[in-house]
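Below you'll find the structure, written out as structure tokens, and then a few comments.
In what follows, chains are A, B, ... by sequence order, proteins preceding strands, each numbered from 1.
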Amino acid sequence: MIHRLEALREHLRFFWMLFIRLPELFTERREFMRQFADVGVRSLSTTVTAGIFTGAIMALQFHLQLKDFGAESVLGGLNTSGTIREVGPILIAFMLAGKVGAFTSAELGTMKVTDQIQAVRCLGLDPISFFVVPRFWAVALNSILLLVFGLVISVLGGMIAVWMVADINPDQYLLMVERFATSESIFLAVSKSVIFGLLMGHICCANGYWTEGGTQGVGLAVKKTAVQSMVAIVLADFFISWIVEIIVRSGDFL
Amino acid sequence: MIRFENVHKSFGPKKVLNGLSLSIQRGEIFFMLGRSGTGKSVSLKHLVGLLTPDSGKIWIDDTEISQFSENQFVPIRKKCGLVFQLPALVDSRSLYENLVLGIRHLDAVQKLARISATLKAVGLESLEKDLFERFPPSLSYGEQKRLALARTLLPDPEILLYDEPTTGLDPTTSLQIHDLIKKISKDFGKTSIVVSHDMRNALKIADRLAVLDAGRVVDLGTPEEIRRSPVAMTMAFMEDLQ
């Protein structure tokens, strides 16, 4: 238990350090831009695939339930709300954690075990500023943007799926979107995207940078990144939903 | 001058340095030899602050660095360049970007002039035209080692630390690297400390050698003295040359 608390404290300390080093992105802007473009390009196909199929699966499931009650007219609204509030962010975040998170962790871990990080340190540079800060912000900001983009795509995925499978007109589908996808749903989706993005960026960079013990250590770092990202995303999902629920119930929301 | 005074270092229950004491003179080519795990690389890493001793003192010139902080090591790292056992080039950066890591404060013209001279010194002038397009994985292992040496030389450190510079190289390239160490040391007046298992080449180019065993120096002397040494560990190394 004490070991876990110490690990949590180390994570918080590392996260805070990455956060307050945001101004250092200016010095390492070329590396940041390169990482940002790399992560974005690398993840776009995953995000589009995840978004389309998340929306499509949800839409088909909702359709199966709603058609028994003759309530297909609200399908677009219900599906959009359900997808962007809950299933969309979590599924897309899982996919990004598996792809971007694992890649970044493996890359930093390999740099660590092949002495690239120590070599940079010996040349008078700070390896955290040089390697980690640009990657953290590139992964975090990209994940946020990709999650939001994926959610928009998921709405289209749902619309196309029910149009093709259930012959529901896209106009009819979109008619109810505005009514169900309230500002609260959008706020919730964006909040989750921001928090999930920061969590993914932090977890993959921390595990990569802390890698010890050769290639086996790199494997372990990637495994830790995958497991910790998913656990952190699920926990964060619960707490964000809970907090937003409290805010909405208090009646102060927008 | 570099001086280790009764330095101890353990990793968990394993004692790696066990009262290491030795001194190295300015401008000297100094070899540290010994079996694996006798503390050779560990002692080098103490000089650039990658490790801190459990006890004992380390001096570089008149500065006692044993308990220096990360910030205090910044000027020490300008003075001491470490060439790692692995090339340790940043794979995701071009050759040019790797080379300028230690000279970021210079302007572009100065950087290029210094890179050109250094590449020539390490025998890699053929790479000069491809510096911006090529990345480290496109080089042979020997070229990567030379490029890593060039990167370490570029900030112009006074002291060069080589951690097993010929590991993984064929005998011919290994000989070339040793010749290069000698040339750089003599031409540029650098102090060179080389950690190695290669007694044959060490005897050819070293000014002095130390043989380490169980984290302490068991033999020390010029190549001639080492050849005639009665110390068992040294004799075992010499027998391997037969």
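Each of A/V155, A/L188, A/V190 was compared with A/I84 under the side-chain contact (heavy atoms from CB on, under 4.5 Å) criterion, and only A/V155 meets it.
At a 4.5 Å heavy-atom cutoff, B/N98 makes no contact with chain A through either its backbone or its side chain. B/L101 touches chain A through backbone and side chain together, each having a heavy atom under 4.5 Å away. Contact of B/Q85 with chain A is not made at all, since no heavy-atom distance falls under 4.5 Å. The part of B/R104 that comes within reach of chain A is its side chain, from C-beta onward, which places non-hydrogen atoms under 4.5 angstrom from that chain.
Chain B is approached within less than 4.5 Å, heavy atom to heavy atom, by A/E107, A/M111, A/V113, A/T114, A/D115, A/Q116, A/Q118, A/A119, A/V120, A/R121, A/C122, A/L123, A/L125 from residues 91-125 of chain A, ordered by number. Contacts from residues 23-54 of chain A to chain B, taken as heavy-atom pairs separated by less than 4.5 Å, involve A/E28, A/R30, A/E31, A/R34 in sequence order. Taking 4.5 Å as the heavy-atom cut-off, the residues of residues 131-149 of chain A that approach chain B are A/F131, A/R135, ordered by number.
More than 12 heavy atoms of other residues, nucleotides or ligands lie within 6.0 Å of OH in B/Y141, so this atom counts as buried by the packing criterion. No more than 12 heavy atoms of other residues, nucleotides or ligands sit less than 6.0 Å from atom NZ of A/K223.
With no hydrogens or angles considered, a side-chain donor-acceptor pair links A/K192 and A/S241 at under 3.5 Å.
Side chain of B/S23 to main chain of B/I2: no donor-acceptor pair is present (N/O by atom type, distance under 3.5 Å, no hydrogens or angles). No donor-acceptor distance shorter than 3.5 angstrom exists from the side chain of B/D163 to the backbone of B/V83, with no hydrogens or angles considered. Remark: the backbone N or O of B/E133 is not paired with any side-chain donor or acceptor of B/D130 at under 3.5 angstrom. Looking at B/T63, its side chain never comes within 3.5 Å of a backbone N or O of B/I65 through a donor-acceptor pair. Panel note: side chain A/S154, backbone A/L151; a donor-acceptor pair is recorded below 3.5 Å.
Here the shortest heavy-atom pairing between A/I186 and A/A181 reads CD1-O, 4.0 Å.
The candidate from B/L86, B/L50, B/L82, B/V74 with the greatest count of non-hydrogen atom pairs under 4.5 Å with chain A is B/L50.
Between A/F19 and A/W16, the ring-plane angle classifies as parallel under the 30° and 60° cut-offs.
Remark: B/R146 does not engage B/E143 in a salt bridge, criterion side-chain N to carboxylate O under 4.0 Å. Between B/R77 and B/E70 there is a salt bridge, with a side-chain nitrogen of the basic residue lying less than 4.0 Å from a carboxylate oxygen of the acidic one. Between A/D237 and A/R85, none of the side-chain N atoms (NZ, or NE/NH1/NH2) sits under 4.0 Å from a carboxylate O, so this pair counts as no salt bridge.
Judged as a ring-ring contact (aromatic ring centres under 6.0 Å, His included), the pairs with a partner in residues 73-127 of chain B (not counting sequence neighbours) are, in order, B/F68-B/F73, B/Y96-B/F132.
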